[in-house]
Structure formats: C-alpha cells, structure tokens
Amino acid sequence: WALTCHPEGLECDVFVTHSWHEGIYEFVDKVVNSWPKGARGAYCCMLSNPQNLDITALISNPKDSPFAKALLSAKYMMVVPNVKCSIYSRVWCAYEAFLAYSASKLIFIATPPLPGLRRELLRVSILMLSAAGATASAIFLYCGGSGTPLFEVFAARPLYYATLFVFLLTLMMMFVLELFGASHVRRRMVHFMSLTSGSLMSYYTIRLVLCRVPGGEVVIIPLVVGSIVMCNMCVTVLASAYDCVWKAHAVEEAAQLRAGYTGRLRDAQASVQSDKDRILSELATSGEEDNVDTAIACLLECGIYSAVLRDTMRGVGVLREAGYYSVALSFLLVGNNVALMLMHISRYQACNMNFELSTLFGFCGPSSGHYTTQLLGTVELWCGIIGIIQEVVFAVAFAHMTPDLKGFAAGVVNHVRNPASTIMLLVVPMLVFNYLTPVECLAVHTLLVNPLGVALSIAGPHRVVKIPVVGPWLVHLIMARGGCGCCTSKRHRIV
C-alpha cells in the first residue's frame, strides 16, 4: 500500500513498532494522536512490507531486514501498546527495541485521545461556574437585604482574611496534587479547587468591576492584572483536571506494556523459532542485551527513552516518569509571573511603592501611602518588562523542545522556579523588610533567580547533570519522584 501511494518511497521519520494484537481502530487512534511534530513519513511493517507474499528472504538476516534499515534511518520510534499483551513479549518488537537503543533513537509510547477528558473538563467547568454564581448571588443578596454598600462589604477585614485563606489553600492544593499520583483523591481535590477558584473568580470580578471607593482614583492596568491572575487560576484548575486524566491513562498504557513481559528480551516469543534463534544470537553477540532490558524497563517507568535521558541517568540513576509533567503548575507560574510583572509596570505610573494587594483590587485610595521615586519606579518598570520577556522566551523554547526535554523543563518550573518566586516575592519581603525592600527582592528575582531557572530549563538534564558537585543533585531534585520499581535494581547497568 505504501509503495502504491509513493512508488519512489519516502524518508522515514517515524518507525512504528507494534505486535499485531491491536485492532485497527486502536492502532490508528494511537498513531494519529501521537504523531511527532514535523514528521512526515513512517514505516509500519503491516503497511510497508508485502504481507501477502513470502517475505522469508527479506527477514532471514535481522540486521539487513527492512525493519532494521527503516529504523536506523528514522528519528523516532513510536511504541504502540495494546490491551491484550505487551509488545515486548514478541521477539521482533524486542529486536526493534535493541536497534533503537543501539542507534540512540528517541523512543516514546503512543497514546490515543485521552478518554473521558471532555467529560472531566465539562464537570470541572460546571462546578466552577456554579460556585461563581452562588458567590455572586450571596454577595448581592446580602447587600440588597442589609443595604450595605459594596465597598463597605469588601472593606470588612473578616471577609478579606477569609478570601485570602481560600486563595492560599487553593494554591497549596495545586502544589501538592503531584503527591497523589493518579488516585481518586487527586480528582476530588481538583473538584474542590474548581469550587474555590470559581468562588474567588466571582469575588474578585465583583470587586474589580463594580466596587469603587468614594473619591478613589480608578486605575485600569491593575484591573487587567487582577483579571489575569483570577483567569489564570481557573485555567490552572482546568489544566489540573487534564493532568489527572493524562496521569491515569499513562498508568494504564504502562500496564499494557508490562502485561506478559517478564523483564527479559530473551523470554520473548516468536511465530517462527528460527527468527528467535537468529535475533537472540545477534543480541548475545552485541553484549547489549542487559542494557536493552534496562532501556525497556526505563521506558515503562519514564514513558519515554532517548540518548539524552540515557546520558542523564548515567549520573543520577533511573528517573521515574521523566516523560510526564504537570501542565497545571506550568500554567500557574508563567501566567502569574506575567500578571505580576504587568502589575509592577503599572505601579510605575500609578500607585505607591508599598507591596499592597489593594493595588491589585483596582483602586488606589486618596491617601494610600508614599509615592515612587524616579529611581525605584524605573527599576520596577524595567524588571516588569524583563520578566515578561523571560516568560516569553521560556514559552517559545518549551514549545520547540523535543518530548524527552519537556519533562525536565516543566520540572524546573514546578520544583525550582515556583518555590523561588514564592520565596523571593512574598516570603522574603514579609520576613526581612528591614533589610530588603519589595523592589530589591523583585530585582534579585528578575535579574538572578528567574534567568537561572530559564537557563536550567533550556540547558536540559544532560547538560545540567555535568555541573560539578551540584549537577546530579539538581537533576534528581527536578525529575526524580520516588522509587523506580522494576528499574531500581538496574541503575548501575545504564551505560
């Protein structure tokens, strides 16, 4: 069929490895959904080989077979699991894994469109909108019943502290979600977060749009900044729902690859015993059999395997789930950083230099404090501009990264940049305000801490691990997530 469509052939970008046990709909869903960006041609034996003819002569010598030649010319190897058995219980799939490992190909697991994703996103959206409607109704009913003006309601300290508590609780839950894996507890936490974020969105929207202090000057940019923060929180909750579904499905795909696989390629089965004998003989001669067993075990744990990850694991051992990352926390950091930098740009022209949340609420009172000096205002302005440029650089770099690098880049966001931003921009100004002003903390964050985080993300784990003394520790902090199951006993064999 492939030759009929392209008599002169195509360059092979993707090698598809499968075991013939999947149905055609399962196969097509997974291949189409997981197609690598920029790839055009693929080799798949059931479409590329003349299966209705006797192909014994084509595969009599495994290393000269069409499988081997196509795989060696491809950039990616796509592993297509199925619901019936592990593809690595079949000897030809095992041999293809050996070739991909030897040639340092990027190996990844094909997945179908996430089942249940739309239903889960719809459920979270309904909960969010329901909470927003209930909060708005409660506020207006209270104001209408008591005759209290809106600005007096929002000026009440108990309500302010209650809202701040809910906000911080939601942020904390976002950070700890990863600890719960693919469990039902994680999904229930996302549902709770959808209620709190919807309520907060409604609360701040009313405060920003309708609430006015008599005699206060309305500032437009903080209104926009506040809207970005609240919208980003809602998007982060939706991304958390996506993470839940993705994680659960990744566990299922890995289980499919493990079903019937003993952990040793030598135990794989073949329809023709002579094929198995020749392949096992080549594996034994190469001396790479144990390393290929380890590579497959790592693929099952990490969801991806490549030369970059192999070089990294030489220094730190197997990295569990290196191919998976939290989309939600990445949204949270990038979106909030952009909003924060916009706020600092707006403060150059508008409000006082005190780090007050009141600026975010959309107004500056007539006597809200002392105003910026020209120097401090200029520092804040340029820190805001540089900070936004840094986030744009990270977003563009992340979009163009190969899949084996994205897990590390997102890990830097989740485990380094998020905590660093929280400490430098919130904790330090409150604890050491006598020594460092908020603007000085902002400058340190923008000119030192954030650029280091972006540089780590772009450098990749294979370069960071080579940093003397701290490199392996940093990579382990960013990517390792507990024990490694079947891979742990083989860490010393990654060569």
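No hydrogens, no waters, no symmetry mates; every other heavy atom, side chains included, goes into these values.
Here CE of Met201 is found 11.5 Å from CE of Met233. Values are rounded to the nearest 0.5 Å. To the nearest 0.5 Å, atoms CD1 (Ile109) and CE (Met77) are separated by 10.5 Å. Here the NE2 atom belonging to His191 is positioned 10.5 Å from the CE atom belonging to Met193, to the nearest 0.5 angstrom. The NE2 atom of His476 sits 13.0 Å away from atom OG1 of Thr312, with the distance rounded to the nearest 0.5 Å. To the nearest 0.5 Å, the span separating CD1 on Ile304 from CG on Leu405 amounts to 8.5 Å. Atoms CZ and OG, from Phe167 and Ser197 in turn, are 11.0 Å apart once rounded to the nearest 0.5 Å.
Partner of Leu474 under the side-chain contact (heavy atoms from CB on, under 4.5 Å) criterion, chosen from Val464, Val469, Val412, Val465: Val464.
Between Ser125 and Leu238, the shortest heavy-atom distance links the atoms OG-CD2, 3.6 Å. Here the shortest heavy-atom pairing between Ala42 and Val16 reads CB-CG2, 4.4 Å. Nearest approach of Gln256 to Val83, heavy atoms of both residues: NE2-CG1, 3.6 Å. Pairing each heavy atom of Tyr203 with each of Thr135, the nearest pair is N-CG2, 4.3 Å. The two residues Gly387 and Thr446 come nearest to each other via the heavy atoms N-CG2, 3.8 Å. Across all their heavy atoms, Phe108 and Pro36 have their closest contact at CZ-CG, 3.8 Å.
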Self-check item: Worked verdict on Tyr242 versus Val124 for side chain to side chain contact (heavy atoms under 4.5 Å, CB included)
Solution: CA-CA 10 Å; Tyr242 173 87; Val124 169; over 6 Å; no
Quiz item: Checking side chain to side chain contact (heavy atoms under 4.5 Å, CB included) for the pair Val245/Arg187: CA distance, chi angles, key distance, verdict?
Solution: CA-CA 9 Å; Val245 178; Arg187 187 161 292 187; 3.9 Å; yes
Quiz item: Between Val475 and Phe408, is a side chain to side chain contact (heavy atoms under 4.5 Å, CB included) present by the stated rule, with each step listed?
Solution: CA-CA 8 Å; Val475 173; Phe408 178 79; 4.3 Å; yes
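Remark: Phe398 CZ is packed, more than 12 non-hydrogen atoms of other residues, nucleotides or ligands lying under 6.0 Å away.
The side-chain heavy atoms of Thr170 and Leu200, taken from C-beta on, include a pair separated by under 4.5 Å. Side-chain contact between Val31 and Met78 is present, with heavy atoms from C-beta onward closer than 4.5 Å. In this structure the side chain of Leu117 never reaches within 4.5 angstrom of the side chain of Trp246, judged on heavy atoms. Side-chain contact between Lys30 and Pro81 is present, with heavy atoms from C-beta onward closer than 4.5 Å. Using a 4.5 Å heavy-atom threshold, the side chains of Cys234 and Met128 count as touching. Counting heavy atoms from C-beta on, the side chains of Glu22 and Ile87 never come closer than 4.5 Å. With a 4.5 Å cut-off on side-chain heavy atoms, Ile385 and Ile389 count as touching. The side-chain heavy atoms of Leu447 and Pro451, taken from C-beta on, include no pair separated by under 4.5 Å.
Using a distance-only test at 3.5 Å, with no hydrogens or angles considered, no donor-acceptor pair links the side chain of Ser199 to the main chain of Ala131. The backbone N or O of Ala39 sits nowhere less than 3.5 Å from a side-chain atom of Lys75 that would complete a donor-acceptor pair. Formation of a donor-acceptor pair under 3.5 Å by the Asn82 side chain with backbone atoms of Cys85 is found in this model. In this structure a side-chain-to-backbone donor-acceptor pair under 3.5 Å is missing from Ser202 to Gly198. Judged purely by atom type and a 3.5 angstrom limit, Ser306 has no side-chain atom pairing as donor or acceptor with the backbone of Leu106.
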